[in-house]
Amino acid sequence: MLNNWTWAPLVASAITVVLIIVLAFVVRGIAHRVITRVVNRAATGGSITSRFRKGAATDGIDVLLHERRKQRAETMGSVLKHIASIVILGTAVLTVLDRLTIPIAPLLTSVGILGVAVGFGAQELVKDFIAGMFMLLEDQYGVGDVIDAGAAVGTVEAVTLRVTRLRDIDGRVWYVRNGTITRVGNESQGWSRAYVDVPVAYDADVVGVRVLLEQVAEEVWADSELRESKIVEQPQVFGVEQLSDSALVFRLSAKTLPSAQAEVGRELRLRVKTALDTAGIPMVAVI
């Protein structure tokens with residue numbers, strides 16, 4: 001009888017400890033499943049190009065945006081899963097220690113001191129992680145975007161919580177720590193703009209040139225290949241953008257899909273040059 005009374009508390013404590021551990025892993029699994037479901041839903045959100053007419057190029061941009069959303073969601077999901085695991089398993093460990101009548105106050109004090117020491121020693125790393133978290137949450141840029149990150153300018157190839165990998169126009173790969181990025185210029189988010197400056201002689205017919213450029217804008221907008229795959233709105237003629245004693249500079253602008261401004265700009269220049277040659281209106285150098 002004495003032996004039974006001696007072993008009973010130990011057995012009860014062991015069963016309690018096992019139940020706590022099992023419950024912790026069950027809760028952790030449920031939390032991970034919920035996070036995965038939220039991440040999958042966030043990764044399959046709508047696309048901005050659904051507002052425009054579909055074409056081969058917009059389909060490609062949809063794929064790029066989907067990958068961007070997917071990477072951002074997966075990164076955030078990974079962070080949330082790690083946080084959930086640390087909180088749940090850490091709480092379970094402390095509960096088990098308390099159940100075993102092991103004093104946890106000295107342990108918590110030691111962990112606090114260690115955390116402060118690690119925090120001081122890894123300030124730059126923490127700074128990078130916090131900056132990466134806010135960058136992902138605010139969707140400042142993503143894979144495929146052309147950005148100016150200050151230290152480098154190029155196309156984003158990968159985004160993590162610590163670094164952003166860029167490839168510039170010369171093919172060089174740049175690794176920029178997120179904590180060092182103080183400002184970002186994104187050339188590919190939402191939409192882009194192509195513009196063409198057209199310098200003509202000072203004594204040229206202003207109304208005639210403007211009408212000619214408006215006709216070019218209408219022709220470009222009527223081109224089904226460009227309208228369905230590159231251009232978002234009908235190009236606009238801004239009129240005389242610059243004025244000097246030798247030239248009048250007209251500006252033609254077009255709102256395009258992300259990263260399509262260079263191609264649209266080349267097409268506009270070609271059509272403007274052809275129209276001016278046909279009308280006999282020479283272009284001049286701006287002095």
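Nothing here was measured: the structure is a model prediction, and the numbers come from that model.
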For this session: Check the pair D168, V153 against side chain to side chain contact (heavy atoms under 4.5 Å, CB included), reporting the backbone distance first and the verdict last.
Result: CA-CA 6 Å; D168 64 18; V153 179; over 6 Å; no
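- Shown here for I20 and V96, the closest heavy-atom pair between the two residues is CG2-CG2, 3.8 Å.
- Checked for salt-bridge contact, D223 and R271 meet the test: a charged N lies under 4.0 Å from a carboxylate O.
- Taking both residues in full, the closest heavy atoms of V184 and I181 are given as CG2-CG2, 3.3 Å, listed atom of the first, atom of the second, then distance.
- Side-chain contact between I147 and V156 is present, with heavy atoms from C-beta onward closer than 4.5 Å.
- For the pair N178 (side chain) and M135 (backbone), a donor-acceptor distance under 3.5 Å is absent.
- The shortest heavy-atom contact between Y202 and S244 is CD1-O, 3.0 Å.
- Between P235 and W221, the shortest heavy-atom distance links the atoms CD-CB, 4.0 Å.
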For this session: Could you walk me through whether F250 and D197 pass the side chain to side chain contact (heavy atoms under 4.5 Å, CB included) test, one step at a time?
Result: CA-CA 6 Å; F250 289 80; D197 287 338; over 6 Å; no
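- Remark: E241 CD is packed, more than 12 non-hydrogen atoms of other residues, nucleotides or ligands lying under 6.0 Å away.
- Heavy atoms of other residues, nucleotides or ligands lying less than 6.0 angstrom from CZ of R193 number more than 12.
- For R28 and S85, the side-chain atoms include at least one donor-acceptor pair closer than 3.5 Å.
- By the side-chain contact (heavy atoms from CB on, under 4.5 Å) test, I15 pairs with V11, L19, sequence neighbours left out.
- Put simply, NE2 on H82 and NE2 on H32 are 8.0 Å apart, with the number rounded to the nearest 0.5 Å.
- Through direct or relayed side-chain contacts under 4.5 Å between Ile, Leu, Val, Met, Phe, Trp and Tyr, F238 connects to no other residue.
- V34 and V26 end up in the same hydrophobic cluster when Ile, Leu, Val, Met, Phe, Trp and Tyr side chains are linked at under 4.5 Å.
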Problem set entry | side chain to side chain contact (heavy atoms under 4.5 Å, CB included) evaluation trace for Y195 with L252 | CA-CA 5 Å; Y195 66 88; L252 184 61; over 6 Å; no
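- The existence of a salt bridge linking E124 and R177 is confirmed by a sub-4.0 Å separation between a basic side-chain nitrogen and an acidic carboxylate oxygen.
- D277 meets the side-chain contact (heavy atoms from CB on, under 4.5 Å) test with K273; sequence neighbours excluded.
- The nearest pair of heavy atoms linking G265 to A194 is N-CB, 3.9 Å.
- Defined by atom type and a distance below 3.5 Å, a donor-acceptor pair is missing between the side-chain atoms of K255 and S192.
- With hydrogens and angles ignored, the 3.5 Å screen pairs no side-chain donor or acceptor of E233 with any backbone N or O of I231.
- Residue pairs that meet the salt bridge (charged side-chain N to carboxylate O under 4.0 Å, His left out) test with at least one member in residues 182-191, sequence neighbours left out, are D148-R183.
- The hydrophobic cluster around Y175 extends to V173, counting ILVMFWY residues whose side-chain heavy atoms fall within less than 4.5 Å of a member.
- Annotation: side-chain hydrogen bond (donor to acceptor under 3.5 Å, both in side chains) contacts of T95 (sequence neighbours excluded): none.
- For the pair K81/T36, a side-chain contact is recorded, criterion being any heavy-atom separation below 4.5 Å from C-beta on.
- Inter-residue side-chain proximity for R251 and V198 is flagged as unmet; no heavy-atom pair is nearer than 4.5 Å.
- The side-chain heavy atoms of R165 and W174, taken from C-beta on, include no pair separated by under 4.5 Å.
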Exercise. Could you go step by step and tell me if D145 and T155 meet the side chain to side chain contact (heavy atoms under 4.5 Å, CB included) rule?
Worked result: CA-CA 6 Å; D145 284 356; T155 303; over 6 Å; no
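- In this structure, the side chains of V176 and L166 come closer than 4.5 Å at one or more pairs of heavy atoms.
- Across every non-hydrogen atom of V206 and V240, the tightest pair is CG1-CG2, 4.3 Å.
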